[in-house]
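Start at 1 and go down the list; that is how both ligands and their atoms are numbered. Values below: every heavy atom of this structure, side chains too, minus hydrogens, waters and symmetry copies.
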Amino acid sequence: MSLPQRVTLVEVGPRDGLQNESNTIDLSIKIQLISDLADAGLNVIEAGSFVNPKWVPQMADSDAVISGLQKKAGVRHAALTPNLKGFERALAAGADEVSMFAAASEDFSQKNINCSVNESLERFVPVISAASDAGLPVRGYVSCVLGCPYEGEVAREKVREVSTALLDMGCYEVALGDTIGTGTVGSMSRLLDCILADIPASQIAVHCHDTYGQALANILVALQHGITIIDSSVSGLGGCPYASGASGNVATEDVVYMLHGMGIDSGVDLKKLVIVGARVSRLLGRQSNSNAGRALLSENF
Ligand code: HMG
Ligand code: MG
């Protein structure tokens, strides 16, 4: 079994996690969380989202979050930008990188960003051009790669087509989003066989929600396919406001525990990360969704 020696984790908790919180979260808590995650060794952190605040009120303060961060050397703070207006807000706030999000399913695209998949790709062209002028890297997302809450099964070829379009436009990598967490080792493996026939593994990340408890297994399959970029969310925070029933992303603590157990370097200090996860869970008034986090804490590691 060939596995990478090192993996880059993209921490999406402050965005994908907190965008789905029903309670309002203080600005200072968001800023502290992002700073603590960087201290634990996470150097790519999705810190906010510049979408319409009427659609996702939880991210309405992303301007203040990102402009309020104390930048640390070597840490990239990314933000979602669905259109030029979002990009301009992200640039003004001081984001280091922006992400555009498309879908492999028409119905999800309409519900999530109010346009068809092709229209969304057209909308991204001026955003990429503005990002390139400003020197900001652009990441692409494709949602619903292993199932859609409205359409059910999604064709692998459609995922490949949208991923290729994003890369051709100038995205430096594409994160494959299992938005509703229905993927399995079988479907993830078939999807990656199809995608990697055309796209190098170095340009693909996996973004697994853990609704059906399959995320770690699916990530292992991705590692076996040569993928080295994994999205995760501290203490498994999250969901998607336009995919009802979707639970959080795979917990970063669980991914780090698995990687270290396989001798793969993540650059993350697991002990520090578990403390960050426990703190944010306490502030949100709930138990952590990370199994490794809860187990390590109960052992007073
Ligand atoms: P729209 O209504 O079609 O946009 O929304 P519009 O261009 O017609 O503008 C309508 C109004 O929105 C205008 O204001 C604009 O100024 C305003 P009004 O004149 O009515 O007062 N507006 C904005 N305001 C602030 N920032 C902006 C912005 N854009 C327009 N950027 C839009 C289109 C994309 C904006 C909307 O559909 C939207 O905000 N959607 C957000 C959906 C979202 O955030 N979903 C969750 C993130 S995706 C996700 O979680 C999946 C992921 O994790 C991967 C996975 O798991 O699969 C990434
Ligand atoms: Mg997501």
What angle sits at the Mg ion (ligand 2) between NE2 of H207 and NE2 of H209, to 10°? 90°

Using a strict 4.0 Å cut-off to heavy atoms of P82, name the atoms of ligand 1 that fall inside it. 34 (C)

Short version for C115: what comes under 4.0 Å of ligand 1, heavy atoms counted, is neither

Under the salt bridge (Lys or Arg N to Asp or Glu O under 4.0 Å) rule, collect the residues that match up with D254, sequence neighbours excluded. none

Taking 4.0 angstrom as the limit and counting only heavy atoms of F50, give me the atoms of ligand 1 inside it, by number and element. 26 (N), 27 (C), 31 (N)

Output yes when the distance from some N or O of ligand 1 to some N or O of D178 is under 3.5 Å, and no in every other case. no

So, do T252 and V268 sit near enough that their side-chain heavy atoms are less than 4.5 Å apart? no

In ligand 1, which numbered atoms sit nearer than 4.0 Å to a non-hydrogen atom of L80? 47 (C)

Is any side-chain heavy atom of L166 less than 4.5 Å from a side-chain heavy atom of S163? no

Closest to atom 26 (N) of ligand 1 (heavy atoms only, candidates Q19, R89, Q58) is R89

Between the candidates V142, T179, V145, which shows the shortest non-hydrogen contact distance to atom 57 (O) of ligand 1? T179

With side chains defined as the heavy atoms from C-beta onward, is the minimum distance between Y150 and K111 less than 4.5 Å? yes

Does any N or O of ligand 1 fall below 3.5 Å from an N or O anywhere on N114, backbone included? yes

Please determine if D16 has a nitrogen or oxygen closer than 3.5 Å to a nitrogen or oxygen of ligand 1. yes

Tell me whether ligand 1 is touched by R15 - counting only heavy atoms on the residue side and a distance under 4.0 Å. yes

Nearest candidate to atom 45 (N) of ligand 1, where distance is taken over non-hydrogen atoms, out of N112, L146, L84: N112

Short N/O distance, under 3.5 Å, between C144 and ligand 1? no

So, of the N/O/S atoms that D16 has, which is the nearest one to the Mg ion (ligand 2)? OD2

Residue pairs involving residues 37-53 (criterion side-chain hydrogen bond (donor to acceptor under 3.5 Å, both in side chains); sequence neighbours excluded): R15-E46, D39-K72, E46-Y141

Would you check if H209 and V250 make a side-chain contact, meaning some heavy-atom pair closer than 4.5 Å? no

For ligand 1, which atoms, with element, lie under 4.0 Å from some heavy atom of H207? 53 (O), 54 (C), 55 (C), 56 (O)

Relative to F50, does K85 satisfy both conditions: NZ or CZ under 6.0 angstrom from the six-membered ring centre, and within 45 degrees of the ring's axis? no

So, does P53 sit close enough to ligand 1 that a heavy atom of it is under 4.0 Å from the ligand? yes

Per-atom contacts of ligand 1 with V56, taking only distances under 4.0 Å to non-hydrogen atoms: 43 (C), 44 (O)

Ligand 1 to F101, heavy atom cutoff 4.0 Å, flagged ligand atoms 48 (S)

For H209, counting its heavy atoms only, list the atoms of ligand 1 lying under 4.0 Å from any of them. 56 (O)

In terms of side-chain heavy atoms, does N114 have a donor or acceptor partner in Q110 at a distance below 3.5 Å? no

side-chain hydrogen bond (donor to acceptor under 3.5 Å, both in side chains) for H207 and D178? Distances and angles first, verdict last. CA-CA 6 Å; H207 175 104; D178 184 9; over 6 Å; no

Quick one: does E299's side chain have a donor or acceptor within less than 3.5 Å of a partner on L296's backbone? no

By number and element, which atoms of ligand 1 are closer than 4.0 Å to a non-hydrogen atom of I113? 33 (C), 34 (C), 37 (O)

Taking the side chain as every heavy atom from C-beta outward, state whether S281 and Q287 have any pair of such atoms under 4.5 Å apart. no

Look at the side chain of T164 and the backbone N and O of R160, then say whether any donor-acceptor pair between them is shorter than 3.5 Å. yes

Option with minimal heavy-atom separation from atom 16 (O) of ligand 1, where the choices are K111, Q110, K85: K85

Spell out, as yes or no, whether a donor-acceptor pair under 3.5 Å connects the side chain of D16 to the backbone of G238. no

Looking at S143, G17, G177, the heavy atom closest to atom 54 (C) of ligand 1 belongs to S143

